[in-house]
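Note sheet for the following structure.
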Amino acid sequence: MTDDDLIAAAREAAANSYSPYSSFAVGAALRFADGSVVTGTNIENASYGLALCAETVAVSKAMADGVRGGLEAVAVTGPGDMPITPCGRCRQVLNELAQLGGTDPVILCVGPDDVRRTTLSALLPEAFGPASLV
């Protein structure tokens with residue numbers, strides 16, 4: 001799966017967003033070393049603090065299916081004029097999954113006309129994770 005395919009999967013996931021309060025539909029797609037892709041979308045809640053981000057939903061789906069490593073790339077897309085990046089919470093959640101497999105995934109921050117390519121370690125330097133507890 002190419003980066004463009006991963007971005008298309010994230011955009012498709014965003015179409016399933018439940019975001020009646022913010023109207024900020026976000027989609028995420030995670031690509032793993034075995035070629036599998038897991039998607040997620042944001043899910044809002046009337047109690048705003050209980051909302052779930054797209055990246056967190058995708059990581060939860062992957063972990064629920066037994067995926068514990070091999071995260072190679074993440075595409076995140078949303079509305080607006082600029083590329084969207086994972087929020088701080090999502091960076092930490094992605095880091096947990098990445099550290100389980102010893103990877104530093106590429107993060108594709110997608111806007112309507114632009115894709116910013118970075119890494120998780122650039123977005124979350126000196127991250128706390130499973131290895132920090134040893």
Side-chain angles (χ1 to χ4, degrees):
M1 172 173 272
T2 68
D3 287 352
D4 287 341
D5 294 333
L6 192 65
I7 291 167
R11 285 187 169 138
E12 186 175 318
N16 292 320
S17 171
Y18 177 72
S19 49
Y21 309 108
S22 71
S23 298
F24 198 85
V26 178
L30 315 178
R31 182 177 64 221
F32 293 89
D34 66 2
S36 63
V37 173
V38 178
T39 61
T41 189
N42 59 322
I43 302 166
E44 293 181 348
N45 189 285
S47 176
Y48 296 144
L50 298 179
L52 301 172
C53 297
E55 301 91 327
T56 302
V57 169
V59 168
S60 297
K61 285 171 62 177
M63 296 284 271
D65 288 343
V67 177
R68 296 291 186 272
L71 182 62
E72 291 184 334
V74 177
V76 182
T77 184
D81 297 332
M82 303 295 293
I84 184 173
T85 65
C87 73
R89 175 181 175 217
C90 289
R91 293 173 192 198
Q92 182 64 41
V93 170
L94 289 165
N95 178 68
E96 182 84 11
L97 182 57
Q99 280 197 15
L100 291 175
T103 61
D104 185 16
V106 170
I107 309 295
L108 304 170
C109 305
V110 182
D113 302 314
D114 187 26
V115 176
R116 193 176 99 203
R117 186 181 180 92
T118 188
T119 61
L120 184 57
S121 64
L123 291 175
L124 189 65
E126 300 183 41
F128 182 89
S132 303
L133 297 174
V134 177

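Quick caveat, the model's predicted, so the values are computed rather than measured. Numbers here simply count residues along the sequence, with the first being 1.
Across every non-hydrogen atom of Pro79 and Ala25, the tightest pair is CD-O, 3.0 Å. Counting all heavy atoms, side chain and backbone alike, Ala9 lies closest to Val37 at CB-CG1, 4.4 Å. Scanning both residues, Ala75 and Ala10, for their nearest heavy atoms gives O-CB, 3.7 Å. When all heavy atoms of Ala127 and Gln99 are compared, the closest pair comes out as O-NE2, 4.0 Å. Closest of all the heavy-atom pairs between Arg89 and Ala51 is NH1-O, 3.7 Å. Taking all atoms of both residues into account, the shortest heavy-atom contact from Gly27 to Ala14 is N-CB, 3.5 Å.
Leu6 and Leu97 fall into different hydrophobic clusters, where Ile, Leu, Val, Met, Phe, Trp and Tyr residues are linked whenever their side-chain heavy atoms come under 4.5 Å apart, directly or through other members. Hydrophobic clustering, with ILVMFWY side chains joined whenever heavy atoms are under 4.5 angstrom apart, keeps Val38 apart from Leu52. There is no path of hydrophobic side-chain contacts, each under 4.5 Å, that joins Val26 to Tyr18. In the hydrophobic cluster analysis, where Ile, Leu, Val, Met, Phe, Trp and Tyr join through side-chain heavy atoms closer than 4.5 angstrom, Ile7 is grouped together with Val106. In the hydrophobic cluster analysis, where Ile, Leu, Val, Met, Phe, Trp and Tyr join through side-chain heavy atoms closer than 4.5 angstrom, Val74 is grouped together with Leu123.
Distance check: Asp104 CG to Asn95 CG gives 9.0 Å after rounding to the nearest 0.5 Å. A distance of 8.5 Å separates CD1 of Ile84 from SG of Cys109, quoted to the nearest 0.5 Å. Atom CD of Glu44 is separated from atom OG of Ser22 by 3.5 Å, given to the nearest 0.5 angstrom. With rounding to the nearest 0.5 angstrom, the CG atom of Leu120 is 9.0 Å from the CD atom of Gln92. Going from atom CG of Leu94 over to atom CG of Leu124 covers 9.5 Å, rounded to the nearest 0.5 Å. Here the straight-line distance linking atom CD1 of Ile107 with atom CZ of Arg117 works out to 10.5 Å at 0.5 Å rounding.
Under the 3.5 Å distance criterion, the side-chain polar atoms of Asn42 are matched with a main-chain donor or acceptor of Phe24.
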Task: Derivation and outcome, side-chain contact (heavy atoms from CB on, under 4.5 Å), residues Leu71 and Phe32 - done: CA-CA 5 Å; Leu71 182 62; Phe32 293 89; 4.0 Å; yes
- [ ] I would like to know whether Asp34 and Ser36 meet side-chain hydrogen bond (donor to acceptor under 3.5 Å, both in side chains); could you show each step before the answer?
- [x] CA-CA 6 Å; Asp34 66 2; Ser36 63; 2.6 Å; yes
Identify every side-chain donor-acceptor pair in residues 55-66 under 3.5 Å, counting partners at least two apart or on other chains, and give the distances.
from: Ser60; atom 1: OG; to: Thr56; atom 2: O; distance (Å): 2.8
from: Lys61; atom 1: NZ; to: Thr39; atom 2: O; distance (Å): 2.8

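Checking Asp4 against Thr2 by side-chain atom types alone, no donor-acceptor pair falls below 3.5 Å. Donor-acceptor pairing under 3.5 Å is lacking for the side chains of Asn16 and Thr41. Side chain to side chain, Arg91 and Thr85 meet the donor-acceptor criterion of an N or O pair below 3.5 Å.
Residue Asp113 qualifies as open at atom CG: its count of foreign heavy atoms under 6.0 Å is 12 or below. Taking a 6.0 Å sphere around CZ of Arg68, one finds it holds more than 12 heavy atoms contributed by other residues, nucleotides or ligands.
Every residue meeting the ring pair (Phe, Tyr, Trp, His ring centres under 6.0 Å) condition with Tyr21, not counting sequence neighbours, appears here in chain and number order: Tyr48. Ala122 is linked by a side chain to side chain contact (heavy atoms under 4.5 Å, CB included) to Thr118, Thr119, counting only residues two or more places apart in sequence or in another chain.
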